[in-house]
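Hydrogens, waters and symmetry mates are skipped; everything else that's a heavy atom, side chains included, is used. Note that the numbering runs from 1 along the sequence shown for the chain. Whatever order the structure lists ligands and atoms in, that order sets their numbers, starting from 1.
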Amino acid sequence: MSSSSLISISTTFPKTPSQEQQPQPPFRKTPLSYPFISLSKLRSNFSFVASAVAARNSVLSEEAFKGLGVFDEGSEEEDEDDEEYVDDSDEFEGDVSSEEDDGDELGVAKLGLPQRLVDTLEKRGITKLFPIQRAVLIPALEGRDIIGRAKTGTGKTLAFAIPIIKKLTEEDDENRNRLAGRLPRVLVLAPTRELAKQVENEIKESAPYLRTVCVYGGVSYTLQKNQLTRGVDIVVGTPGRLIDLVNSNVLKLGEVQFLVLDEADQMLAVGFEEDVETILQKLPPQRQSMLFSATMPGWVQKLSRKYLNKALTIDLVGDQDEKLAEGIKLYAIPTTSTTKRSMLGDLVTVYAKGGKTIIFTQTKRDADEVSMALTSSIASEALHGDISQHQRERTLNGFRQGKFTVLVATDVASRGLDIPNVDLVIHYELPNDPETFVHRSGRTGRAGKEGKAILMYTNNQRRTVKSLEKDVGCHFEFISPPGVEDVLGSSSEHVIATLAGVHDESIEYFTPTAQKLIDEQGTRALAAALAHMSGFSQPPSSRSLITHEQVCINF
Ligand SMILES: Nc1ncnc2c1ncn2[C@@H]1O[C@H](COP(=O)(O)OP(=O)(O)OP(=O)(O)O)[C@@H](O)[C@H]1O
């Protein structure tokens with residue numbers, strides 16, 4: 001990567017409004033009008049973003065960004081190149097105030113973004129940029145090619161989408177004649193259909209006024225063809241279908257100004273190398289490219305050298321850091337092949353407490369069988385590559401909407417899937433490699449929220465668990481199977497929480513019967529109802545806490 005610049009940043013993830021306020025570094029008031037930002041002024045007044053703008057060929061050490069990048073005057077990172085890169089024109093329009101931070105400096109309303117973009121972001125609850133978004137924003141708006149890396153669930157999609165939407169919106173504001181049949185200005189490549197759809201949704205929700213079309217295999221070609229020929233601003237897709245559309249001349253890439261390669265290393269893992277290169281070769285050379293990748297295997301490095309222009313690397317993970325997103329608590333539990341399935345329901349009950357859980361299995365067959373086994377006590381569905389595209393989408397929507405709480409999936413769902421509020425991830429089988437572990441676990445603890453991940457392992461896998469800790473830089477708390485009291489306590493807690501959501505009108509219908517039961521049986525009536533709703537119509541006492549074998553009930 002000799003021709004690239006590198007930014008390696010140690011960041012603090014900003015807390016969502018619902019979370020406790022953590023001490024923040026001192027930002028100052030800086031309403032910005034982006035194009036006229038002076039870096040030297042920013043340095044003293046807008047330290048994080050300023051520090052994220054590297055000089056063209058400089059390598060900024062992680063140290064330079066400690067404390068969210070407050071530059072030390074005269075430090076060795078502040079070299080001449082930095083100065084050359086500064087746009088020190090006097091056109092900076094921001095109101096540079098010396099007042100102390102009011103906690104709102106990176107508010108999306110103050111970054112000089114188009115008002116309609118600000119409005120839609122704020123409506124979605126996106127009021128402040130996340131670290132990767134802050135770091136990418138300015139170099140992207142400068143037109144630089146970027147290689148980006150950040151932990152799971154930290155907002156990489158909007159990191160590339162915000163600057164692109166800003167540019168497109170401004171172009172459209174200048175030239176209001178948006179023609180029917182117009183050709184795409186943006187192409188986003190994603191490795192899986194689910195990920196492509198998700199990127200499409202994120203862009204559509206942020207910029208409903210732009211036309212975004214998502215193309216992938218397994219669904220009607222004609223519909224996608226019609227959408228494309230009506231005119232489009234942004235195309236998101238998986239490589240295979242994109243090539244079909246390009247080859248049949250339905251998709252013309254001649255006006256693409258922005259290319260995004262999302263999850264580039266995963267393209268390699270799913271065998272898309274050739275297809276990706278075929279597409280890149282068809283793009284106009286005058287374009288801006290952004291590549292996001294969790295790792296940089298040889299092919300991704302080669303791709304960056306060949307198709308990106310003096311890319312700036314923005315790495316918010318670093319080599320030493322823990323690779324998992326903050327806020328994910330890790331547990332490991334010893335199992336045997338005979339006990340692991342029976343233990344699952346209890347783990348879900350105790351650790352997810354009625355919230356959403358994703359269980360990852362190695363094989364499609366296991367996903368089906370585990371889901372079937374669970375369904376008698378906890379609503380669950382399976383998701384894997386043998387399930388039709390249509391059904392996969394229905395399953396994911398149902399899970400998102402809370403129609404069932406446990407999704408049992410193969411690794412098809414481990415990369416990129418953004419389902420809000422997944423409380424628990426269970427690794428039913430050890431992942432094949434540390435990356436998969438990071439991505440599976442990263443389905444929880446997203447957007448600064450907290451989550452839990454449990455790794456199930458057998459005695460002879462102990463070593464692998466230890467090396468996983470080393471490779472990922474994480475630490476497991478070793479736990480035992482939940483005891484009967486824990487399971488009973490958690491399930492009744494969950495039932496009580498569910499009761500709080502019962503509608504008053506429904507309660508009225510049942511009140512006479514409830515009164516009659518109380519008169520006849522007293523507390524016993526309510527206890528029986530709780531036991532039944534908790535799935536304990538039969539006594540739990542036959543469960544052995546040592547082997548976790550169940551003799552009498554299958555919870
Ligand atoms: N600035 C923000 N404020 C609040 N929520 C945000 C912000 N940016 C992104 N989000 C939300 O955070 C969630 C995670 O974002 P996203 O899916 O882009 O993460 P990611 O880094 O691509 O994760 P992964 O590596 O797992 O694919 C999304 O639901 C997104 O809408």
If you measure every N or O of [X] against every N or O of ligand 1, does any of those distances drop under 3.5 Å?
X: T152; answer: no
X: Q198; answer: no
X: G125; answer: no

Q) Can a cation-pi geometry be assigned to K156 and F160, taking NZ or CZ under 6.0 Å from the six-membered ring centre and within 45° of the ring axis? A) no

Output the list of atoms in ligand 1 that are nearer than 4.0 Å to some heavy atom of [X], sorted by atom number.
X: K128; value: 1 (N), 2 (C), 3 (N)
X: K151; value: 21 (O)
X: R124; value: 31 (O)
X: R443; value: 26 (O)
X: A447; value: 12 (O), 13 (C)
X: E263; value: 27 (O)
X: L158; value: 8 (N), 9 (C)

**Q.** Reported OG1-to-CG distance for the pair T357 and L374, which is rounded to 0.5 angstrom
**A.** 9.5 Å

Q: Report yes if the side chains of K302 and E273 come closer than 4.5 Å at any heavy-atom pair, otherwise no.
A: no

For the pair [X] and [Y], find out whether any cationic side-chain nitrogen is under 4.0 Å from an anionic carboxylate oxygen.
X: D418; Y: R446; value: yes
X: R116; Y: D173; value: yes
X: E200; Y: K197; value: yes

Q) Ring centroid separation for F476 and F437, is it under 6.0 angstrom? A) yes

Q.
Can you tell me which portion of D418 lies within the under-4.0 Å heavy-atom range of ligand 1? Options are side chain, backbone, both, or neither.
A. side chain

Q.
I need the contact type for R446 against ligand 1. Using non-hydrogen atoms and a strict under-4.0 Å cut-off, is it side chain, backbone, both or neither?
A. side chain

**Q.** Contact check, G153 vs ligand 1, heavy-atom distance below 4.0 Å
**A.** yes

(Q) Within a 6.0 Å radius of atom CD on E274, are there more than 12 heavy atoms belonging to other residues, nucleotides or ligands? (A) no

Q: For R394, look at atom CZ and say whether over 12 heavy atoms of other residues, nucleotides or ligands are found less than 6.0 Å away.
A: no

